[in-house]
Amino acid sequence: MAKTATRGRRRAPARGKSKTRSSGGGLLPWAVIGIAAIGGIVAHDHWKSIEPMLPRQSAPIARDAAEPGPVRKDVPPKQVALATPTPKAAPPVKQSQLLPPATIPTPTIQPVKAAPSPVSPAAPESGTVAFGYCGQGAHINCVGDGGVFWYKGEKIVIADMASPAVDQARCDGERRVAFAAKSRLLGLLNAGPFTMNAAGKAEPSGAPRVVSRDGRSFGAQLINEGLARKPGAAGGAWCA
């Protein structure tokens with residue numbers, strides 16, 4: 001029983017300390033609240049003297065914010081690139097507004113006459129076509145008289161001879177010679193290739209040519225056979 005009482009006595013002071021600690025921790029919040037209440041009452045009673053002090057303290061702060069700081073000379077000012085306005089394209093001008101309408105000339109159509117192509121003297125022409133007698137139709141490759149024939153539509157006159165024409169014969173003898181010369185010329189032309197050399201400019205009466213084969217002239221052969229004469233000789237040799 002004595003040990004139990006001693007233990008109870010020892011534990012009693014511990015309980016007193018805990019009460020002191022709990023009472024001290026509980027008074028601190030109330031002290032803070034009381035001080036705040038007293039400060040609020042004092043501020044309310046002296047508000048008229050405290051109010052002028054508030055703008056004076058805020059004015060320097062606003063002034064310091066409004067005043068710019070010192071400008072540094074070594075830092076160049078920033079350059080702001082301005083947008084260049086884009087020029088508007090001018091509306092296209094019609095071509096008809098720039099130039100007056102030009103008058104279009106009307107070409108004059110002229111008939112083209114077929115002219116025989118002259119044969120160059122330096123370039124003799126060779127012929128190898130088949131000939132016949134000329135009739136009422138188109139004269140292409142045909143014999144008209146003893147000294148006249150058409151070759152590829154061009155009228156050729158044998159330049160180194162002269163023979164009578166059938167439709168211009170003055171007598172029966174001349175007519176017979178004209179038929180014979182015509183027939184002989186047809187045979188010479190159809191005997192094989194021949195050569196024509198120009199002997200002058202082409203005229204409406206025909207293109208003068210010297211016709212030959214192997215170097216022998218057709219005109220000279222007809223003269224030797226009595227079916228033609230030299231150019232410029234007197235006529236009437238075939239009429240009695």
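These numbers come from the heavy atoms of this one structure, side chains and all, not from hydrogens, waters or symmetry mates. Because the structure is predicted, anything quoted here is derived from the model rather than measured.
Under the 4.5 Å side-chain contact rule for hydrophobic residues, F149 and V210 do not share a cluster. The hydrophobic cluster containing V148 does not contain F194, counting ILVMFWY residues as joined when their side-chain heavy atoms lie under 4.5 angstrom apart, directly or transitively. The same ILVMFWY cluster, assembled from side-chain heavy atoms under 4.5 Å apart, contains both M196 and I158.
Residue F179 belongs to a hydrophobic cluster whose other members are V166, with links defined by side-chain heavy atoms closer than 4.5 Å.
Residues passing the side chain to side chain donor-acceptor pair (under 3.5 Å) test with N141, sequence neighbours excluded: none. Listed by chain and residue number, E174, R175 satisfy the side-chain contact (heavy atoms from CB on, under 4.5 Å) test with A169 (two or more places apart in sequence, or in another chain). In this structure, the side-chain contact (heavy atoms from CB on, under 4.5 Å) partners of T195, at least two apart in sequence or on a different chain, are P124, S126, N197, S212. The side chain to side chain donor-acceptor pair (under 3.5 Å) search around D145 returns none, not counting sequence neighbours.
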Output a table of donor-acceptor pairs, distance under 3.5 Å, between side-chain atoms of residues 213-227 and any protein atom two or more places apart or on a different chain; print 'none' if there are none.
residue: R213; atom: NE; partner: P193; partner atom: O; Å: 2.9
residue: R213; atom: NH1; partner: L188; partner atom: O; Å: 3.2
residue: R213; atom: NH2; partner: L188; partner atom: O; Å: 2.5
residue: R213; atom: NH2; partner: G192; partner atom: O; Å: 2.9
residue: S217; atom: OG; partner: D160; partner atom: OD2; Å: 2.3
residue: S217; atom: OG; partner: G219; partner atom: N; Å: 3.2
residue: N224; atom: ND2; partner: A220; partner atom: O; Å: 3.1
residue: E225; atom: OE1; partner: R184; partner atom: NE; Å: 3.1
residue: E225; atom: OE2; partner: R184; partner atom: NE; Å: 3.2
residue: E225; atom: OE2; partner: R184; partner atom: NH2; Å: 3.0

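Heavy-atom minimum distance, G147 versus S163: N-OG, 3.2 Å. V177 and P164 make their closest contact through CG1-CG, 3.9 Å (heavy atoms, listed as atom of the first residue, atom of the second, distance). A165 approaches A178 most closely through the heavy-atom pair C-CB, 3.9 Å. The heavy-atom pair separating A159 from A199 by the smallest distance is CB-CB, 3.7 Å. Among all heavy-atom pairs drawn from P231 and A162, the shortest one is CA-CB, 4.4 Å. Summarising the geometry of G146 relative to M161, their closest heavy-atom pair is O-CE, 3.6 Å, with the distance given to 0.1 Å.
In this structure, CD in E154 is found 14.5 Å from NE2 in H139, a value given to the nearest 0.5 Å.
Between Y133 and K182 there is a side-chain heavy-atom pair separated by less than 4.5 Å. Residues V143 and L189 are in side-chain contact: their nearest non-hydrogen atoms beyond the backbone lie under 4.5 Å apart. With a 4.5 Å cut-off on side-chain heavy atoms, I140 and W150 do not count as touching.
The pair K155-E203 fails the salt-bridge criterion, with no side-chain N (NZ, NE, NH1 or NH2) lying under 4.0 Å from an Asp/Glu carboxylate O.
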Worked verdict on L185 versus V211 for side chain to side chain contact (heavy atoms under 4.5 Å, CB included):
CA-CA 11 Å; L185 178 60; V211 186; over 6 Å; no

Before you tell me yes or no, could you show the steps for F131 and C142 under side chain to side chain contact (heavy atoms under 4.5 Å, CB included), namely the whole-Å CA-CA distance, both residues' side-chain angles and the distance that decides it to 0.1 Å?
CA-CA 5 Å; F131 289 86; C142 61; 5.6 Å; no

